[in-house]
Amino acid sequence: MSGGPAVRVSIESSCEKQVQEVALDGTETYVPPLSMSQNLAKLAQRIDFSQGSDSEEDGTEGEPRDREWSKQEPEEEEGTVKFQPSLWPWDSVRNNLRSALTEMCVLHDVLSVVKEKKYMALDPVSQDPTAGKTPQVFQLISKKKSLGTAAQLLLKGAEKLNKSVAENQENRRQRDFNSELLRLRSQWKLRKVGDKILGDLSYRSAGSLFPHHGTFEVIKNTDIDLDKKVPEDYCPLDVQIPSDLEGSAYIKVSIQKQAPDIGDLGTVNLFRRPPKTKAGTQLWHVKLEAAQNVLLCKEIFAQLSREAVQIKSQIPHIVVKNQIISQPFPGLQLSISLCHFTGEKKNHRASPEKPKSDDHLYVLEHNLHQMMREFHKQQLSSVVMPHPASAPFGHKRMRLAGPMAYDKAEISSLQQSEGLLEKIIKQAKHIFLRSRTARTIDSLAIRIEDPQIQAHWSNINDVYESSVKVLITSQGYEQICKSIQLQLNIGVEQIRVVHRDGRVVTLSHQEQELLDFLLSQVSQFPD
Amino acid sequence: MDNFSPGSIQPKAKKTFGGKTSMGVTCVCQVPVAEGKSVQQTVDTLHKKLEQLGAVKQGSFWVDCETYHPTGNVSGQPSKLLYVMHNSETPLSCIALFEGGPCLIADTNFDVLMVKLKSHFQNAKAHKVECRGSRYRYCDFLIKVGTVTMSSSARGISVEVEYCPCVVPGDCWNLTKEFMQSFLGPSVPELPSVFAAKPEGLFAPSDCVDTMTQYLELFNKLRKMQIPGSNVR
């Protein structure tokens, strides 16, 4: 009768009897099984009458059956009632059954009212007669109207947008000076001095110590004839940059084999085509950027030449006009020159060699720019935080210099003393050594056919160190013979070779030494 | 002697950074002024001798010492004087020591601290002693010949010889003594008492504190020497 899981009320006793006690002589005393009434009471407790709402049919059947049971054993006391121990166990059952009966009667009444219509009748709620099936034409008209209003709104919006775009274009043609000035001010530093507007394009605020003022002047472009058509690239604003920063410049770093004639020094003045201006950038922006680049190149070159003159090295560096020449390796020459192209006329006094673009080491030029900017940054923020209030600024280890009584040698070793020129020479040495090592290995691999030489270069390198793994194998016998594996670490001036078995050999920068060494390794290979 | 270094615990063995040598074994001694000559002339003679030996001049040096009297209640016994010394070899440090007592190696901010402690330590400005001179290098030796001045009057000549590679006095004292004999002649000193007074004896590593103690002894000796009868504390 319950709606949920059906519980079978069964009175058959289970065959298994629970053992209550085992006597000392082995006889078992069984727990007397529950009597019929006890069993029934126990099971009836498990019936959940509150779930009986969707199976009233079962309820009507089960009802009289349970009533019979309750009449037969009305007086049974049950000790296993879980709740309300004072009431008799069938109390809850009776209550639930009574409520089920009430609901059944109500349902019966409602159904009889619906069917007989003698005393009461059901009456539907009156509805709007016109809310029925509407004619199709009417639907169409209403849809068209609503779409029309939406379309009108969109059209109005589009008209407004069109108007504003047209206005913008008008404005662009007219080019208000003030709005252009605002744009300029958003990218460059400006200040007003008297009735002139001056700007600063130097790197001084970024930490540079170059004494150039880097001031440019903003002038109003008033030579426009409003009657004629305004040219496309018209700008009401013009900037006047200092005369020594005009044009474009770059620093050319190249490594050459032969030493040049003395007469050729200082004639390097190749120029690069100026980079194409991006569409949309203003002329003043291009001009200012070019001038700033010229300033930076000048600063780099000034720093390099100052160091070339001041720092003593074994082979002195030559500084001639706009070129610095130094010898990283004997027979090799590194030349750093500042190429500044000014004015419209091409300088026909180019050096006798045709401009070899592969001669110029772009990497080193980029590194120079990067190191300069790093130097600027260091100037600006040389404070390492957190910082004790009483300690001097500078390297963290320097704070220990006082209490640990460092002498001058130790103090100078803490402070970085390598200048820009030294760094760039080291980098150039490394690049040269690396390319020559690569050439040597490749030429050897081409020349020698029988044991095969393979070189695997590491992708991740340092500016001062690279590494390559050289394998010497014999075709077809890779598994049988142990291949020779050499790890070459190419440094600034030396090459360190590490064998597979751990031996370390240091080679100098001589090409012949590397060649001999590789040949010896190849010959060691068992045939 | 206890050594205090604020901010770090200084181990007994010298730390070297980047393979640079630390301070070696130093011996400070006084050279008497030659008969009939001025202090400057004696110094010049010494310079000549060193140059003849083959030493190379490498700049100059200075050592100075300031005296501080502790104020406050003195329970009968004479209060110990505090000496604050600077050495151009360790330009960023200053060493504060009591004679025969604890010593401290600190940052140069210590001088500022002493100014702040004016109420507890009074600076005896008249007792400031300075030693200035030139610095010579001869292979592993560093020789400093200086004139000791107190209130701008030259009091004596000091010679400091440092043997850089070694830090243990017991190992190199004989060598240093022999070297000093070659240019100092008869006025070679005995083993400085600083080394012998250590608990481990001659074989404890020496550091800049020993140098400064020797300088202090020399300065005190020179101070007492030339002012007979005055109230020297």
Original post:
More than 12 foreign heavy atoms under 6.0 Å from NZ of K48(B): is that the case here?
Top reply: no
**OP:** Might you confirm whether atom NZ of K408(A) has over 12 heavy atoms from other residues, nucleotides or ligands at distances under 6.0 Å?
**Re:** yes
Subject >> Within 6.0 Å of NE2 in H456(A), more than 12 heavy atoms from elsewhere >> reply: yes
Subject >> Residues of residues 86-94 of chain B contacting chain A, heavy-atom criterion under 4.5 Å, by residue number >> reply: S88(B), E89(B), T90(B), P91(B), L92(B), S93(B)
**OP:** Give a yes or no on whether R496(A) atom CZ has more than 12 heavy-atom contacts from other residues, nucleotides or ligands under 6.0 Å away.
**Re:** no
Subject >> Exercise: identify the closest heavy-atom pair between A405(A) and I105(B) >> reply: CB-CG2, 3.8 Å
Subject >> Qualifying residues under salt bridge (charged side-chain N to carboxylate O under 4.0 Å, His left out), relative to R132(B), sequence neighbours excluded >> reply: E130(B)
